[in-house]
Amino acid sequence: STALINLAACLPGRETVQLPDGRTFGHHDLYIEAIHCDPSNPTAYSKLGFSLGAGKSATLADGQVLSKIDLFIEAIRLDPTTPSNYNGLAGCLGVGQSVVLADGRKLTMTQLFKFGRRMRHEEE
């Protein structure tokens, strides 16, 4: 799954790549395939979230449709220690809006940004 994520990150714009098994993927498809291969990989969810436009969603290989917000919530559930996941989720919200994380915490856009910033400082 990491190889698919890395390949997607290298793929420019709307380019596609053909895998050795003959399947052709664009960068969104590579992230979806990475999730299919390893549904516990938070990076695949966050990278797919960052690659989607505002208000967009993605259909996973199992047919589940996840919004950009859902993708970041799942990335945080799988890895609550990565600041960029909180910042990505915060970027999906408007001022005064809030979201409920998988652990039940209800956070606003401002709280998410502050939380991500605090985590980044703790890493340094």
Side-chain angles (χ1 to χ4, degrees):
S1 123
T2 301
L4 293 168
I5 294 168
N6 292 338
L7 182 57
C10 296
L11 203 58
R14 299 198 183 280
E15 297 274 330
T16 59
V17 63
Q18 186 173 12
L19 299 184
D21 64 7
R23 294 180 296 160
T24 302
F25 292 100
H27 72 280
H28 287 98
D29 301 321
L30 287 166
Y31 294 132
I32 290 167
E33 184 65 12
I35 291 168
H36 177 70
C37 291
D38 182 6
S40 67
N41 186 334
T43 303
Y45 291 93
S46 65
K47 293 285 189 182
L48 182 55
F50 280 117
S51 74
L52 293 176
K56 298 293 182 183
S57 61
T59 304
L60 303 185
D62 65 2
Q64 183 181 15
V65 178
L66 295 179
S67 70
K68 186 173 178 116
I69 289 173
D70 295 331
L71 290 164
F72 285 115
I73 289 172
E74 184 63 10
I76 291 168
R77 185 186 73 76
L78 294 168
D79 180 10
T81 65
T82 301
S84 63
N85 295 339
Y86 293 91
N87 293 333
L89 181 55
C92 296
L93 302 178
V95 175
Q97 287 185 309
S98 62
V99 66
V100 178
L101 301 183
D103 64 7
R105 288 180 292 163
K106 183 177 180 180
L107 298 172
T108 65
M109 177 184 75
T110 302
Q111 289 170 320
L112 287 162
F113 275 131
K114 285 181 181 177
F115 195 75
R117 193 174 319 119
R118 185 173 54 233
M119 290 177 73
R120 201 172 22 255
H121 290 309
E122 289 173 3
E123 288 179 348
E124 296 172 350

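This structure is a prediction, so every number in the text was calculated from the model and none was measured. Along the sequence shown, residues carry numbers from 1. The figures that follow rest on heavy atoms only: side chains count, while hydrogens, waters and symmetry mates do not.
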Could you tell me whether the side chain of [Y] reaches within less than 4.5 Å of the side chain of [X], counting heavy atoms only?
X	Y	value
L60	H36	no
Y45	Y31	no
T59	Q64	no

Determine the minimum heavy-atom distance between [X] and [Y], stating which atoms define it.
X	Y	value
P42	S40	CD-O, 3.1 Å
A58	I32	CB-CD1, 4.4 Å
I5	A34	CG1-CB, 3.8 Å
A75	N85	O-ND2, 3.7 Å
V65	D70	O-OD2, 4.4 Å

Tell me whether [X] shares a hydrophobic cluster with [Y], the cluster being built from Ile, Leu, Val, Met, Phe, Trp, Tyr side chains joined at under 4.5 Å.
X	Y	answer
F25	I35	no
M109	L107	yes
Y86	V95	yes

Supply the atom-to-atom distance [X] [atom1] to [Y] [atom2], rounded to the nearest 0.5 angstrom.
X	Y	atom1	atom2	result
S46	L71	OG	CG	9.0 Å
L30	L4	CG	CG	6.0 Å
S51	L11	OG	CG	11.5 Å
L112	L89	CG	CG	5.0 Å
L48	F72	CG	CZ	9.0 Å
I69	Q97	CD1	CD	7.0 Å

Any donor and acceptor pair, going by atom type alone, linking the side chain of [X] with main-chain N or O of [Y] inside 3.5 Å?
X	Y	value
T108	Q111	yes
K68	L52	yes
E15	P12	no

Next item on the list: Check the pair H27 / R14 against side-chain contact (heavy atoms from CB on, under 4.5 Å), numbers first and verdict last.
Entry: CA-CA 8 Å; H27 72 280; R14 299 198 183 280; over 6 Å; no

Notebook entry, point to check: Is the Lys NZ or Arg CZ of R105 less than 6.0 Å from the centre of F115's six-membered ring, within 45° of the axis?
Noted result: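 R105 over F115 ring: yes.
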
Notebook entry, point to check: Name the one of V17, D29, T16, L19 that satisfies side chain to side chain contact (heavy atoms under 4.5 Å, CB included) with T24?
Noted result: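 With T24 as partner, side chain to side chain contact (heavy atoms under 4.5 Å, CB included) holds for just one option, T16.
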
Check: Cut-off 3.5 Å, side chains only: do N87 and S84 have a donor facing an acceptor?
Finding: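 No - no donor-acceptor pair under 3.5 Å links their side chains.
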
Notebook entry, point to check: Can L78 and N41 be said to form a side-chain contact (heavy atoms from CB on, under 4.5 Å), step by step?
Noted result: CA-CA 7 Å; L78 294 168; N41 186 334; over 6 Å; no

